[in-house]
Protein chains: 2
Amino acid sequence: MNTTPKSLRKVILSSIRKSLLELGSATKVELSDKLEVSFPTISKFLAQMEKDGEIISVGLDESSGGRRAKRYAYNPEHMLGLAIFLESSETNYTIFNCVGEVMEQGKAPTVLIDNGINLLTKLIEKIITTNDSKIRSIAIGVPGSVDNGRIFYMPGYEQFQNFDLKGYYENYFSIPVVVENDMNAAVLGFKHSKGTKDNQSLIYLYFGQNGPGAGFMINGDVVRGSTFFAGEVSFVPQYNERNFGQALENGSRLNKKTISEDYHIDAISRLVATFVAIINPYIIIFCSDEMDKEILNKITIGSSKYIPSEHLPKLTESDWKQDYLYGLQRLGLDLMINE
Amino acid sequence: MNTTPKSLRKVILSSIRKSLLELGSATKVELSDKLEVSFPTISKFLAQMEKDGEIISVGLDESSGGRRAKRYAYNPEHMLGLAIFLESSETNYTIFNCVGEVMEQGKAPTVLIDNGINLLTKLIEKIITTNDSKIRSIAIGVPGSVDNGRIFYMPGYEQFQNFDLKGYYENYFSIPVVVENDMNAAVLGFKHSKGTKDNQSLIYLYFGQNGPGAGFMINGDVVRGSTFFAGEVSFVPQYNERNFGQALENGSRLNKKTISEDYHIDAISRLVATFVAIINPYIIIFCSDEMDKEILNKITIGSSKYIPSEHLPKLTESDWKQDYLYGLQRLGLDLMINE
DNA sequence: TAGACTTATTAAAGTTCTTAAATAAGTGTC
DNA sequence: GACACTTATTTAAGAACTTTAATAAGTCTA
């Protein structure tokens with residue numbers, strides 16, 4: 001039960017914003033057709049938005065045989081978003097506008113320490129005031145499990161355990177806040193930046209210093225799991241005596257750029273095959289600093305020993321940090337659009 | 001973009017039907033509060049529905065201090081649904097009403113043969129005419145992959161390959177039709193009959209004569225896979241030299257009720273562990289004719305060798321045919337409610 | 001360059017929902 | 001059993017969107 005008549009105004013406003021940002025610019029007729037909202041209504045909304053400075057007129061279209069239509073575009077500077085990701089070594093943040101352009105980028109000492117929340121609060125406060133309070137959303141990425149803005153489980157940082165970061169900051173700053181796990185943000189970011197279609201399933205796979213993990217997006221939704229354990233792929237049994245995590249290590253600790261041995265390839269190929277037999281995803285993404293084209297090829301060959309190759313997903317590599325950041329921006333953008 | 005102002009009437013009507021069926025009965029105030037639609041509007045809709053015979057008044061509530069409220073209930077006989085499932089040995093069908101009561105049950109020879117579609121058409125025609133044309137939805141279950149009503153892949157029955165069953169019958173009978181894969185229908189049926197919460201992930205696992213398979217429901221959606229290969233779990237690599245399908249067979253063909261050997265248990269436990277490490281589902285359902293309590297216990301113990309037991313899902317058994325049928329009814333019901 | 005033709009925008013009238021006020025139908029008390 | 005008090009329902013007025021008609025602003029052609 002999501003649609004109530006009362007929320008119509010909001011729905012229309014959101015969808016106008018969304019379309020305008022998606023299309024870059026649009027005429028009233030285009031919006032009316034696309035959104036299935038009558039011309040006069042679109043006209044009324046756009047008039048108000050132009051008055052508020054939220055959209056700007058960008059001239060007239062070429063005539064298609066009759067009167068030329070006015071074209072409108074979103075004013076990207078009208079609202080800004082703040083994306084922060086917390087890591088054990090440092091805290092990164094960016095300020096971005098509605099079209100995804102990064103306006104400002106910065107670093108700060110890590111806040112994943114005792115009393116770190118106050119540090120984080122101070123940081124955000126400073127950022128907001130130095131930006132004329134134009135910040136209209138905050139997206140925070142954390143290396144842990146998140147349930148609706150509450151940090152559920154963040155191994156190593158028990159002081160954040162069970163803390164409702166979203167609720168705390170929404171109350172404190174009166175700005176919409178979203179908190180998301182790093183992998184989930186990355187998978188979301190990849191989906192949007194690479195123009196994957198809705199409802200296609202994605203898997204983001206990393207090996208990492210602290211063991212492997214994966215983020216899933218199935219039918220367009222992030223998969224968290226009933227106990228927030230989804231993606232802990234090191235536990236997947238793969239050989240008579242070894243699971244995926246153990247197979248990767250195989251005695252020696254895995255360093256960066258050392259996915260090269262055949263037993264690594266086979267373990268990963270088996271995991272890929274497992275993903276296909278269960279989820280049959282459209283694409284699997286590896287972190288580009290852990291992967292190269294050649295190994296990707298070997299994995300493709302290796303996987304097809306286990307499953308019919310016509311069902312193999314695309315295998316690709318991508319810049320994890322960038323996807324992560326973009327995912328956070330995306331989440332913040334959604335908040336702004338629906339505000 | 002799903003909510004258009006034009007569709008308001010439909011949305012309200014659907015949600016009234018849904019609430020009335022869910023609650024059993026309701027007063028106007030209750031509906032107005034629940035649906036966040038104003039009292040006069042609810043009143044107007046109910047008046048029309050009562051006039052149409054779609055709902056009936058079931059008396060007055062006890063007074064809570066003031067005027068007594070009229071209570072309304074859905075007239076279950078107002079619309080009937082037809083659920084058919086096609087199997088290689090026979091064709092089963094049931095006619096059910098809006099509260100899920102089965103009005104009629106029947107069998108017919110299989111239609112999974114050459115020219116079977118005409119047979120099926122005749123069968124449906126006969127059922128519809130002997131029911132005063134009160135049938136308002138048709139749900140068809142098939143043992144194959146389905147994409148939006150089109151049969152995509154049904155091994156062994158190539159004459160149905162790539163046939164748009166939904167489109168064909170919607171055009172022919174002018175009644176909404178839904179076509180769904182057997183596993184997916186079963187998982188849906190289980191979800192609703194057992195009152196699982198929305199957004200909890202479910203896995204239905206069977207071993208079958210033709211090899212094992214699974215149906216997934218993640219975040220409330222059925223998972224089909226990008227090449228409709230999702231659920232083909234026999235391909236999951238599990239041991240140095242064997243995948244799940246091979247491990248189950250282990251030389252001899254698996255008969256019914258013979259999941260008893262330790263190597264069966266271990267293979268299934270590994271598969272369960274794999275599910276947990278990837279999807280972390282809320283529950284895994286086995287077919288009751290292939291499973292019993294004792295084996296279930298053994299699997300629980302076996303799985304916890306591979307993953308922390310606090311993340312183990314509920315393991316349960318259920319009557320597959322019944323869930324399948326109920327899932328089809330559910331799909332048909334949804335069509336009727338939204339019609 | 002006037003008139004025929006297109007297309008965009010505005011204005012007016014019609015629907016449908018909401019809110020607020022009025023009425024109906026009860027319960028309970030002195 | 002009249003009066004105060006509750007709660008359900010109906011009625012009337014107001015708001016927001018849609019449809020249709022009218023007008024404005026172009027293009028194109030003879």
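Order of the sequence lines fixes the chain letters, A, B, ..., with proteins taken first and strands second; residue numbering starts at 1 for each chain.
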N or O in side chain of B/Ser64 less than 4.0 angstrom from C/dT27 OP1/OP2: no

Residue-level proximity of residues 42-62 of chain A to DNA chain D when a heavy atom falls under 4.0 Å: A/Lys44, A/Phe45

Protein-nucleotide distance (B/Arg68, atom CZ; C/dA25, atom P), rounded to Å: 13 Å

Among D/dA24, C/dA11, C/dT19, the nucleotide that comes nearest once only the side chain of B/Ser38 is considered: C/dT19

Euclidean distance, atom CZ of residue B/Arg9 to atom P of D/dT18 [Å, nearest integer]: 16 Å

Under 4.0 angstrom between B/Lys28 side-chain N/O and D/dT10 OP1 or OP2: yes

Protein-nucleotide distance (A/Lys70, atom NZ; C/dA8, atom P), rounded to Å: 14 Å

Short side-chain N/O contact to D/dC17 OP1/OP2 from A/Thr41, under 4.0 Å: no

Heavy-atom donor-acceptor pair, A/Tyr169 side chain to A/Thr121 backbone, under 3.5 Å: yes

Whole-Å gap separating C1' (C/dT18) and CD1 (B/Ile12): 11 Å

B/Gly167 backbone acceptor or donor facing B/Glu170 side chain under 3.5 Å: no

Residues B/Arg330, B/Glu180: salt bridge by 4.0 Å N-O rule: no

Side chain of A/Pro40 - closest among D/dA8, C/dA8, D/dT18: D/dT18

Spacing of B/Glu36 atom CD relative to C/dC17 atom C1', expressed in whole Å: 15 Å

Under-4.0 Å salt bridge between A/Arg17 and A/Glu339: yes

Euclidean distance, atom CZ of residue A/Arg71 to atom P of C/dA8 [Å, nearest integer]: 11 Å

Polar contact flag, side-chain donor to acceptor under 3.5 angstrom, A/Glu77-A/Asn97: yes

Value in whole Å for how far the P atom of C/dT23 lies from CZ of B/Phe39: 17 Å

CA sep, side-chain torsions, deciding dist, call: A/Ser25, A/Arg71, side-chain hydrogen bond (donor to acceptor under 3.5 Å, both in side chains): CA-CA 7 Å; A/Ser25 67; A/Arg71 180 161 287 277; 2.9 Å; yes

Between P of C/dT15 and CG of B/Leu8, the distance in whole Å: 17 Å

Between B/Ser43 and B/Lys28: side-chain donor-acceptor atoms closer than 3.5 Å: yes

